[in-house]
Amino acid sequence: MTNEDDRKLAQSDSDELLRRAYAVETQQDALDLYRDWADTYDEHLEDGLNYLAPEIMGRVFEEFVPDKSATILDIGCGTGLMGLALSAHGYANFDGLDLSPEMLQQARGKGVYGNLIKADLTATLEIGSASYDAAVSTGTFTHAHVGAEALDEIFRILRPGAVCALAINSDVWIENGFPLKIRELTGKGTMHVREIRPDRYFKGGDGVGRFCVFKKTA
């Protein structure tokens with residue numbers, strides 16, 4: 001098999017797994033997907049799909065969180081690609097949270113996280129209120145994954161003044177209730193919007209996200 005054949009096979013595998021990700025309907029579907037994907041996730045996203053979101057978010061995060069000693073939670077950390085981006089930008093005090101034990105095992109191997117937490121974002125987190133200075137997420141708020149209702153718990157565990165930087169897939173922006181939840185939380189005085197900027201998740205491909213920066217006010 002030639003290098004070109006290898007490249008085409010990797011692209012085919014990547015496209016199929018991405019199709020499965022976009023077709024997830026239940027939590028068990030997600031667990032099965034990431035169990036099957038964990039070992040090759042980084043290769044498929046970075047080599048097969050030219051995944052850009054962690055590096056884009058790393059630059060966004062550095063702009064709004066200049067304190068490199070901030071305590072950070074990487075929400076839906078997966079295999080730890082966002083953790084590597086945070087580390088590359090000089091952050092060293094961050095934990096990761098994900099539902100999939102197989103993905104967390106891959107993240108553990110990166111050696112950049114303080115703690116790794118297996119948890120369901122759609123339920124109450126076993127994390128104390130006002131525990132973190134900042135939160136970041138790149139792969140969680142997408143097709144058939146976690147909706148806007150998770151923002152309530154995320155802001156609960158953040159300290160006043162904390163920055164919350166989330167990449168949200170544009171295809172689910174309205175469907176999963178993000179405009180309504182943002183209006184609700186800003187209306188309550190829980191947070192305000194610092195920036196929402198559109199950008200692509202993948203180089204030269206589909207998948208546009210809204211890279212959102214919120215600040216907790218109370």
Side-chain angles (χ1 to χ4, degrees), residues 10-11 13-22 24 30-31 33-65 68 70-119 121 132 134-143 145-146 150 154 163-170 172 197 199-213:
Q11 183 65 55
D13 289 344
S14 299
D15 290 346
E16 171 59 18
L17 286 163
L18 190 62
R19 184 200 63 75
R20 281 183 63 189
Y22 284 177
V24 163
L31 287 168
L33 168 69
Y34 290 115
R35 179 200 62 218
D36 296 342
W37 203 355
D39 288 345
T40 58
Y41 185 85
D42 293 0
E43 178 185 356
H44 281 147
L45 261 69
E46 293 188 315
D47 298 336
L49 295 169
N50 295 306
Y51 189 47
L52 302 175
E55 177 51 33
I56 293 171
M57 185 58 86
R59 295 194 300 268
V60 171
F61 200 76
E62 189 169 37
E63 180 181 344
F64 288 94
V65 186
K68 297 302 174 69
T71 56
I72 303 162
L73 183 63
D74 179 5
I75 297 165
C77 64
T79 61
L81 293 176
M82 189 65 231
L84 289 179
L86 289 171
S87 182
H89 283 272
Y91 299 96
N93 191 11
F94 51 89
D95 298 335
L97 181 151
D98 203 273
L99 181 63
S100 166
E102 292 84 6
M103 298 291 268
L104 286 170
Q105 185 61 35
Q106 295 294 322
R108 187 170 289 109
K110 301 288 194 298
V112 295
Y113 291 94
N115 298 294
L116 288 165
I117 305 161
K118 182 182 180 300
L121 271 176
Y132 288 95
V136 64
S137 180
T138 53
T140 299
F141 299 101
T142 185
H143 294 264
H145 281 54
V146 179
I154 291 170
V163 166
C164 180
L166 310 175
I168 301 171
N169 191 300
S170 293
V172 302
R197 69 173 72 162
D199 213 328
R200 291 194 175 275
Y201 287 121
F202 308 107
K203 183 178 180 180
D206 295 331
V208 176
R210 285 176 166 89
F211 289 77
C212 306
V213 182

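What you see is a predicted model; the values in this text were computed from it and never measured. All heavy atoms count here, side chains included; hydrogens, waters and symmetry mates do not. Numbering starts at 1 and runs along the sequence shown.
- Using a 4.5 Å cut-off on side-chain heavy atoms (C-beta onward), L116 and C77 make contact.
- In this structure, K68 contributes its side chain and H89 its backbone to a donor-acceptor pair below 3.5 Å.
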I'd like to know whether C164 forms a side-chain contact (heavy atoms from CB on, under 4.5 Å) with I154, so could you lay out the CA-CA distance, the side-chain angles of the two residues, the decisive distance to 0.1 Å, and finally the verdict. CA-CA 8 Å; C164 180; I154 291 170; 3.8 Å; yes
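- When all heavy atoms of F61 and A134 are compared, the pair lying nearest together is CZ-CB, 3.6 Å.
- Across all non-hydrogen atoms, the minimal contact from A107 to G78 is CB-O, 3.4 Å.
- Of all the heavy atoms in F141 and A150, the pair that sits closest is CE2-CB, 4.2 Å.
- Considering CD1 of I56 and OG1 of T138, their distance stands at 10.0 Å, rounded to 0.5 Å.
- A 4.5 Å side-chain heavy-atom check between F94 and V112 finds at least one atom pair inside the cut-off.
- Between the side chain of N169 and the backbone N or O of G209, no donor-acceptor pair lies under 3.5 Å.
- With values rounded to the nearest 0.5 angstrom, M82 atom CE is found 8.5 Å from I72 atom CD1.
- Atom OG of S87 and atom NZ of K110 lie 12.0 Å apart (nearest 0.5 Å).
- Put simply, the side chain of D74 never gets that close to the backbone of G96: no donor and acceptor are under 3.5 Å apart.
- A 4.5 Å side-chain heavy-atom check between Y91 and V65 finds at least one atom pair inside the cut-off.
- The side-chain heavy atoms of R210 and R197, taken from C-beta on, include no pair separated by under 4.5 Å.
- At a threshold of 4.5 Å between non-hydrogen side-chain atoms, the residues L121 and L99 do not count as touching.
- With sequence neighbours excluded, no residue satisfies ring pair (Phe, Tyr, Trp, His ring centres under 6.0 Å) with Y132.
- A salt bridge does not link E63 with R59: none of the charged nitrogens is closer than 4.0 Å to a carboxylate oxygen.
- Within the 4.5 Å cutoff, the side chain of I75 has no heavy atoms near those of the V136 side chain.
- A distance of 10.0 Å separates CG in L104 from OG1 in T79, rounded to the nearest 0.5 Å.
- Annotation: side chain of S137 is not in contact with side chain of V146 (no heavy-atom distance under 4.5 Å).
- Evaluation of the side-chain hydrogen bond (donor to acceptor under 3.5 Å, both in side chains) rule for Q105 yields R108 as partners, not counting sequence neighbours.
- With rounding to the nearest 0.5 angstrom, the CG atom of L97 is 11.0 Å from the CG atom of N115.
- For the pair A85 and E55, the tightest heavy-atom approach, listed with the atom from each and the gap, is CB-N, 4.5 Å.
- By the 4.5 Å heavy-atom criterion applied to side chains, F211 and M57 are counted as neighbours.
- Going from atom CG of L166 over to atom SG of C212 covers 6.5 Å, rounded to the nearest 0.5 Å.
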